[in-house]
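Since the structure comes first, as C-alpha cells, the remarks are kept for the end.
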Protein chains: 2
Amino acid sequence: MNKKSKPKFKPYKKSSAHNYVFEILKDYIISGVYKVGDQLPTEVELSQTFGISRAATREGLRALEGIGLITTVQGYKGGRFVKKIDSEIIVSGLDLLLQTEKPSFGELFNELIEARIAIECVTVKMAALNRSEENLAAISQVLDLRVDSKDEFYNKTYDLHELVALASQNKVLFYIVQAIRKLIFQTYSNLALEDNNIDLVMKTHYAIYSSIKNRDPEEAEKAMILDIESYRNLYLEVIEKHKKG
Amino acid sequence: MNKKSKPKFKPYKKSSAHNYVFEILKDYIISGVYKVGDQLPTEVELSQTFGISRAATREGLRALEGIGLITTVQGYKGGRFVKKIDSEIIVSGLDLLLQTEKPSFGELFNELIEARIAIECVTVKMAALNRSEENLAAISQVLDLRVDSKDEFYNKTYDLHELVALASQNKVLFYIVQAIRKLIFQTYSNLALEDNNIDLVMKTHYAIYSSIKNRDPEEAEKAMILDIESYRNLYLEVIEKHKKG
DNA sequence: TAACGTAATGATGTCAGACATTAATATGTA
DNA sequence: TACATATTAATGTCTGACATCATTACGTTA
C-alpha cells in the first residue's frame with residue numbers, strides 16, 4: 001500500500017491500547033488494506049494516529065510479529081512489513097504441540113511419516129479425480145526438470161508433493177500436507193540423505209504423475225505409498241547410522 | 001513451579017533484549033521448567049534478573065502471548081501464566097491461512113468437511129486397528145452419557161470424534177483432527193442446529209463404536225462417512241435457511 | 001452479627017521523553 | 001574511481017512516574 005494513501009484509524013476506546021493496535025492492524029492486514037510486502041506506518045505515526053504511546057504501540061506490533069503477520073527491519077529504510085502468510089504459521093504451532101509430548105527422535109519421525117501417508121494418500125486420490133489440466137501440466141513440468149545435484153533433487157520432490165496436494169482442490173488439505181512436510185524437513189534437515197535411491201524415487205514420482213494423468217485413484221494411492229515408504233526407509237537408514245556413529 | 005525456587009537467568013548479550021526474553025522464556029516453558037498454570041516472575045523481577053528494562057521485557061512477553069504460550073492477568077494476584085498448549089495454537093493459524101483466500105461461507109464449509117472426511121476416515125480405520133482397551137472404554141463411556149439438552153449432545157459428539165482420533169495412536173493426526181473440528185465449530189457456531197436428526201447421529205456413533213470394538217476398519221470407515229455426511233447436511237440445511245431468512 | 005462500603009495491595013497498563021543502535025544512502029576526500 | 005565518513009530514518013532501549021485493575025482485608029453501620 002502506498003504510504004501516502006494510508007487509512008485513517010479511529011483512536012481507541014475500550015480494551016487495552018496494545019491490544020487495540022494488535023486487533024486493528026490484524027484486521028487491516030487480513031482484509032487486505034495492507035498487502036504482502038507493504039510497509040506499515042512507523043511506530044511514531046501509528047501512536048499518533050491511535051492517540052497512544054509508542055510503548056503500547058510497540059507491544060501490539062510485537063504480538064503481531066509473534067503470530068507471524070509482520071516482520072521488523074531495523075535501520076534506514078527499515079520498518080514493519082507485512083509477511084506472506086503461508087503454512088509456516090501452522091508449522092511452528094504443530095511443532096510446539098508435538099514437542100510437549102517429548103517424543104523420541106524416531107517415534108516422532110514415524111508418526112509424522114504415518115500422518116503423511118494417511119493424508120497424502122487421500123490428496124493423491126482426490127488429485128486423480130479432480131485435477132485440472134493446469135495441475136497436470138505443472139506436475140509434468142517438475143518431473144521434466146533437469147536435476148544436477150542431490151539437493152536440487154530433493155527440492156524437486158518437495159514441489160511434486162505440494163503440487164499433488166494442490167491438485168486435490170482442497171486448500172485445507174493442501175496447507176496441512178505442506179505443514180507436515182515442512183516440519184519433517186526442518187526437524188530432520190541435519191540428516192544427509194544418501195543418493196543411492198534416486199532412481200527408485202524417480203520411478204514412483206512418474207507413477208504418481210501418470211496415474212493422476214489417467215485419473216486412476218487406486219494406482220495413484222499405491223504409487224504414493226511406495227514413494228513415502230521409500231523416503232521413510234532412506235531416513236531410517238540414516239537415523240540408524242546416526243545412532244551408531 | 002514454586003516461585004521461590006525460580007531458575008537463575010543469565011543476563012543477555014547478543015540479539016535484542018526483547019527477543020532474548022522471548023527465546024529464553026520459550027525454552028523454559030517448552031522444556032518444562034515452567035509448567036502449565038505456573039506463574040512467571042513479574043515484569044519487574046524478570047527485567048532485574050535479565051538486566052534489561054521493563055519495556056523490553058514486556059515486548060518479549062507480548063510476543064509469547066502472541067504465539068499463545070502465556071496469558072496475562074491484570075490486577076491483584078495477576079501476572080503471566082503458562083497456558084496449556086492445545087490444538088488451539090494451530091486453529092488460529094489455519095484460520096488465517098484460509099481467510100486469506102477469501103472463500104465464501106459455503107465453499108469454506110465444504111472444504112473443511114471434506115478434509116474432515118478425508119482425515120477422520122483414516123483415523124477411524126487406524127483406531128479400529130490400534131485401539132487399546134482403555135481407548136475403547138473411554139469411547140463407550142461417552143456413548144453412555146445421559147444427554148439432557150441439545151448442546152450437551154453436541155459436546156458429547158465433540159468428545160467422541162476426539163477420542164477416536166486419539167485411539168489411532170497418532171498424535172499428529174489427533175491434533176489435526178482437533179484443529180479442523182475446532183475451526184468448523186468456531187466459524188459456524190452462530191448456526192443453531194436442529195435436533196431432529198439426533199437419532200441418526202446416535203446410530204452412526206454407535207456404529208463407529210462397535211466397529212472399532214470389533215476391529216473392523218471397513219465398517220468403521222463407512223460409519224464415519226455416514227456420521228460426518230449427516231453433520232454436513234444438518235449444517236447445509238441451516239445455511240440455506242440462513243440465506244433465505 | 002451480617003452486610004456493605006472502602007482502603008490496601010500487588011500485579012499489569014500507560015505515558016513522556018531521551019538516547020542508543022542499525023543500516024542504507026549521500027557526501028566528500030585521497 | 002574507491003574508500004572513508006556523515007547523514008538519515010527507522011527501530012531498540014532506558015528511566016521513572018502514574019493509572020488501572022481485581023483481590024483481599026478491614027472497618028463501619030444497620
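By convention in this document, chain letters (A, B, ...) are assigned in the order of the sequence lines, proteins followed by strands, and residues within each chain are numbered from 1.
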CZ of B:Phe50 versus P of D:dT15: gap in Å, rounded? 16 Å
Could you state the CG-P distance from A:Leu40 to D:dA9, rounded to the nearest angstrom? 19 Å
Do the side chains of A:Glu65 and A:Lys83 get close enough for a salt bridge, i.e. N-O under 4.0 angstrom? no
Decide if atom NZ of A:Lys84 counts as having more than 12 heavy atoms of other residues, nucleotides or ligands within a radius under 6.0 Å. no
For nucleotides 16-26 of chain C, just jot down a letter per nucleotide in 5' to 3' order: B, S or -, based on protein non-hydrogen atoms under 4.0 Å. --B--BBBBS-
Please determine if a side-chain N or O atom of B:Arg80 lies less than 4.0 Å away from the OP1 or OP2 oxygen of C:dA11. no
Take atom NE2 of A:His18 and atom C1' of C:dT12, then tell me their distance rounded to the nearest Å. 8 Å
A:Glu59 CD - D:dT11 C1' separation (whole Å): 15 Å
What is the separation between atom CG on A:Asn19 and atom C1' on C:dG13, rounded to the nearest whole Å? 12 Å
From CZ of B:Phe81 across to C1' of C:dT12 the rounded distance in Å is 11 Å
Return the value, rounded to whole Å, for the distance between atom CZ of B:Phe22 and atom C1' of D:dT13. 19 Å
Protein-nucleotide distance (B:Glu43, atom CD; C:dT14, atom P), rounded to Å: 11 Å
What class does the angle between the rings of A:Tyr235 and A:Phe185 fall in, given that below 30° is parallel, 30 to 60° is tilted and above 60° is perpendicular? tilted
Counting heavy atoms not belonging to A:Lys77, are there more than 12 under 6.0 Å from its NZ? no
Heavy atoms only, 4.0 Å cut-off, all strands: where does B:Arg58 land among base, sugar-phosphate and nothing? base
By ring-ring contact (aromatic ring centres under 6.0 Å, His included), B:Phe174 pairs with (sequence neighbours left out) none
Parallel, tilted or perpendicular: rings of B:Tyr28 and B:Tyr34 (30°, 60°): tilted
